[in-house]
Amino acid sequence: MKRKLVAAIATSMVMSAHALTGVVVDEQGRGVANARVEIVGTKLAVRTDAQGNFAFSGEIAGELHVVASGFSHRMIHLHEGTDAVLRIVMAPSVIEQVDVIGLPLHTSVIESSLPISVLSGEELRRRQAATLGDSLAKEVGVHTNFHGGVASTPIIRGLSGPRVLIAQNGLDVSDVSRVGPDHAVASEVSTAQQVEILRGPATLFFGSGAIGGVVNVVDQRVPSDSETRGEWLVQRDSVNRQQLASFNVNTGGTHLALHLDGFLREAEDYKTPATGNGKSRVANSGEDSSGFTVGSSYLADDGYLGVSVGRLNREYGIPGHAHGEAAEDVYADLDQDRYQLISEWHFDHALLHSLNTRAAYTDYTHAEIEDGVAGTTFSNKTAEIRVDLLHADLGGWRGGISLHYKNSDMAAEGEEAFAPPSHSRTTALAFMEERHWGDVLLQLGARAERVEIAAPNLTIPHLKVHSYDEHEDEHDHEEETSAQISAVERNFSPVSFSAGAVWDFKPGYNLGISLSRSQRAPSAAELMSFGPHIGSGTYEIGALFAARENDDELVFDLHQHAQNLETANNIDLTLRKHEGMSVLFLMPSSIVSTIIITSRTQDFLQKAATHMRMMNTIVMRMNCPFICSPVATLLCADLKCSLYGRSTRSLKRRLFPIMSVPN
């Protein structure tokens, strides 16, 4: 029987400079201790006492956000007529409801019209791997372009590379991982607070490079409070003898907060199933990496301002990266320095509510070493800033505008430098608004960008392409002859907009729908690449070049026509259940099938869950190997239980015979 979420609010009062007090209780009327009650969009937050009581002083308006472990969170909308003494009833939930930090407006994984998931806490530590892609590979709709376990990047709904933005604290990680699959992501999960995955276009908040989705790695390197807390981790994997040690700690005083984190990872070549009696390992798949960050913030009553300095070093092999007849191991030597500035300020003003700033400067270098010599060196220097100005409540609407600027200088030097040095600059203006109408939350947004890409020395080689004769032992490769050099500049103006709604149609359930039209400007590498990329086994030719035949030779010239913007039209539909028994229904827009859940199906799932002693999550997905019946397609994955001490893989095998849903 589904439990109902009840919020009992006493008789009315006019909002004024009076204390707001209340009590947080469960459905049996018992006080909920240590629940966090905060005023959304401010730093005002209190904890309930042992009886569930809390109190605010001064004028309180806007929204209350109430979070307690083991309960579904609550949003209380304050307005004229709201009583100063609140009684907030919390309904139980085993689903952890985490706030999304990377978005300008307050939201959580169950409040957004976009499909969002967050890995944090113990779940993040359990899934983390040496690469970001492998850490997220079990998430619904997320895969990895596995490249020897050392340079794997996320694939979201079949899109990757420049269509999926990898961000750190809301800003581009600014590496070259989207240029080639053999390039590692310059972000570390072991010291992260949480990893946020936004499926589908997130261009409104992050820019046109997020047309396919966003992975945002959130950390506390710029601390927002001085609470003393810390974490350390020691881990060892047998498959590659990986050893990992990491730590992070926050502390401080009244007006000063400090942060320190670091990690060290060593791994050998990993094992693979052997054919015969011997053991097999993938050559050149080991890594040695380390990093540290120091951060500090000034804390005030109305906000904070902080900075951090981080250093990342990583040396990793590139499996399959070979030259000539005698294959020589090639490894990458990656160095990154990242400087961040983050501030949040709140104002008691009739128009301006808050001003949030995120800025970062990244100096990235990545050399591919062969026989002790750097054959190719990639570099990327990026300065980025985003300023969000959020207005006060205007007729029930909350939101504001976002100003975004990014300037990047990327270069590649050496024999495999298939992309020329280029300069990219992005300037953008976006707005986002949201408003509650009863049980419906409406979200609107739009973004306009100006993207400028220039290359002062674009080389256009003339190629002689020889045909391949299947009767010959070998075929000739392309031969480069003379080349011409040209200065190139391209400008683009992508525009994106979206509209979405979240309907709480029943206590513990909501339905989200999002409609969006997003445009993306091509990256510099997509436009100007011209040359062999040995790591991926391809010959890269950018969209700027047009091929023509001249006396049986293939000749390339600059394309005379302007390059088109990439456009995506999207519909996302999400059904969430966040109270009672933990069953999560996810319906990506790419699925055209219909899930029909009958009462008999629900009874069966409850009996199966009881039989298997599963006290946490059953995830229901489409397009998976367990075809249960015409009613539904189910996959039980990431089962967070310890049934007879079996692993997740053995649990899946054990579940298979019983997972047949009655028609």
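- The CG atom of Leu204 sits 13.0 Å away from the NE2 atom of His404 when rounded to the nearest 0.5 Å.
- Using modelled atom types, one side-chain atom of Ser112 and one backbone atom of Leu114 make a donor-acceptor pair closer than 3.5 Å.
- Contact of the Pro494 side chain with the Val451 side chain is registered, since non-hydrogen atoms from C-beta on lie closer than 4.5 Å.
- Residues Tyr304 and Pro223 form no side-chain contact, since every pair of their non-hydrogen atoms from C-beta on lies 4.5 Å or further apart.
- Judged purely by distance below 3.5 Å, without hydrogens or angles, the side chains of Thr251 and Thr228 pair a donor atom with an acceptor atom.
- Between Leu86 and Leu20 the shortest side-chain heavy-atom distance falls below 4.5 Å.
- When every heavy atom of Leu198 is checked against every heavy atom of Ile156, the shortest pair comes out as O-CD1, 4.3 Å.
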- For Gln519 and Ser496, what are the C-alpha separation, side-chain angles and deciding distance, and is it a side chain to side chain donor-acceptor pair (under 3.5 Å)? CA-CA 6 Å; Gln519 291 185 321; Ser496 303; over 6 Å; no

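- Between the side chain of His423 and the backbone N or O of Asp409, no donor-acceptor pair lies under 3.5 Å.
- When the side-chain hydrogen bond (donor to acceptor under 3.5 Å, both in side chains) test is applied to Ser402, the partners found at least two apart in sequence or on another chain are Asp388.
- A donor-acceptor pair is defined here as one N or O able to donate and one able to accept, closer than 3.5 Å; no such pair exists between the side chain of Gln194 and the backbone of Val218.
- A search for salt bridge (charged side-chain N to carboxylate O under 4.0 Å, His left out) contacts involving Glu449 returns Arg447, not counting sequence neighbours.
- At least one donor-acceptor pair under 3.5 Å links the side chain of Thr48 to the backbone N or O of Asn34.
- Counting heavy atoms of neighbouring residues, nucleotides and ligands inside a 6.0 Å radius, atom CH2 of Trp503 does not exceed 12 of them.
- Applying the side-chain hydrogen bond (donor to acceptor under 3.5 Å, both in side chains) test between Asp219 and each of Asn248, Thr191, Asn169 identifies Asn169 as the sole match.
- Here the side chains of Val222 and Leu341 are not in contact, with every heavy-atom distance at 4.5 Å or above.
- Residues Asn569 and Arg517 bring a donor and an acceptor atom of their side chains to less than 3.5 Å of each other.
- In this structure a side-chain-to-backbone donor-acceptor pair under 3.5 Å is present from Asn216 to Gly170.
- Salt bridge Arg178/Asp172: present, at least one basic N to carboxylate O contact under 4.0 Å.
- With hydrogens and angles disregarded, no donor-acceptor distance shorter than 3.5 Å links the side chain of His346 to the backbone of Ser354.
- Atom CG in Asp363 sits 9.0 Å away from atom CG in Asn380 (nearest 0.5 Å).
- Two residues are said to be in side-chain contact when any heavy atoms from C-beta on lie closer than 4.5 Å; Leu64 and Phe56 meet this criterion.
- A salt bridge links Arg36 with Glu38: the distance from a Lys NZ or Arg NE/NH1/NH2 to an Asp or Glu carboxylate oxygen falls below 4.0 Å.
- In this structure, Arg490 does not pair ionically with Glu452, as no charged nitrogen and carboxylate oxygen lie closer than 4.0 Å.
- Of all heavy-atom pairs spanning Thr293 and Gly310, the tightest one is OG1-CA, 3.7 Å.
- To the nearest 0.5 Å, atom CG of residue Asp225 and atom CD of residue Gln220 are 6.5 Å apart.
- Gln193 places no side-chain N or O within donor-acceptor distance of the main-chain N or O of Val217, the cut-off being under 3.5 Å.
- The structure places CZ of Arg338 at 9.0 Å from OG1 of Thr382, a figure rounded to the nearest 0.5 Å.
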- Message: Walk me through whether Glu111 and His65 qualify under side chain to side chain donor-acceptor pair (under 3.5 Å).
- Response: CA-CA 12 Å; Glu111 293 178 294; His65 184 209; 5.0 Å; no

- Task: Could you walk me through whether Val502 and Leu511 pass the side-chain contact (heavy atoms from CB on, under 4.5 Å) test, one step at a time?
- Result: CA-CA 6 Å; Val502 182; Leu511 179 66; over 6 Å; no

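- Of all heavy-atom pairs spanning Val23 and Phe54, the tightest one is N-CE2, 3.6 Å.
- Residues Ser117 and Glu139 share a closest heavy-atom pair of OG-OE1, 3.1 Å.
- Ring geometry, Trp397 versus Trp437: the interplanar angle exceeds 60°, so the pair is classed perpendicular (tilted spans 30 to 60°).
- The two residues Phe263 and Ser246 make their nearest non-hydrogen contact at CB-CB, 3.7 Å.
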- Message: side-chain contact (heavy atoms from CB on, under 4.5 Å), that's the test. Do Val387 and Ile385 meet it? Break it down for me.
- Response: CA-CA 7 Å; Val387 179; Ile385 183 170; 4.2 Å; yes

- Task: Determine, step by step, whether Val215 and Val195 satisfy the side-chain contact (heavy atoms from CB on, under 4.5 Å) criterion, reporting the C-alpha distance in whole Å, the side-chain angles of both residues, the deciding distance to 0.1 Å, and the verdict.
- Result: CA-CA 7 Å; Val215 176; Val195 180; 3.7 Å; yes

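- Asp49 contributes no side-chain N or O that, together with a main-chain N or O of Ala33, makes up a donor-acceptor pair within less than 3.5 Å.
- Here the side chains of Phe492 and Leu565 are in contact, with some heavy-atom distance below 4.5 Å.
- No side-chain donor-acceptor contact under 3.5 Å links Gln128 and Ser190.
- Taking the six-membered ring for Trp and thresholds of 30 and 60 degrees, Tyr509 and Phe505 have ring planes inclined between 30 and 60 degrees apart.
- Salt bridge annotation for Asp393-Arg398: absent, with no cationic side-chain nitrogen under 4.0 angstrom from a carboxylate oxygen.
- Remark: the backbone N or O of Gly253 is paired with a side-chain donor or acceptor of Ser226 at under 3.5 angstrom.
- Interatomic distance, CG of Leu351 versus CG of Leu390, reported as 11.5 Å (0.5 Å rounding).
- Arg163 pairs by the side-chain contact (heavy atoms from CB on, under 4.5 Å) definition with Leu159, Ile211, Arg520, Glu526, Glu566, not counting sequence neighbours.
- Counting heavy atoms from C-beta on, the side chains of Val142 and Ile155 never come closer than 4.5 Å.
- Put simply, CZ on Phe497 and CG on Leu444 are 11.5 Å apart, with the number rounded to the nearest 0.5 Å.
- Put simply, the side chain of Arg386 gets close to the backbone of Phe205: a donor and an acceptor are under 3.5 Å apart.
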- Task: Verify side chain to side chain donor-acceptor pair (under 3.5 Å) between Ser135 and Arg127, making sure each step is shown before the conclusion.
- Result: CA-CA 6 Å; Ser135 299; Arg127 292 197 191 183; over 6 Å; no

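- Considering every non-hydrogen atom in both Arg358 and Ile101, the closest pair reads NH2-O, 3.7 Å.
- No side-chain N or O of Gln336 forms a donor-acceptor pair with one of Asp175 less than 3.5 Å apart.
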- Going through the distances and angles, do Tyr298 and Leu256 end up as a side-chain contact (heavy atoms from CB on, under 4.5 Å)? CA-CA 5 Å; Tyr298 169 74; Leu256 183 66; 5.8 Å; no

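- At least one side-chain heavy atom of Glu434 sits less than 4.5 Å from a side-chain heavy atom of Leu105.
- Remark: Asp572 engages Arg157 in a salt bridge, criterion side-chain N to carboxylate O under 4.0 Å.
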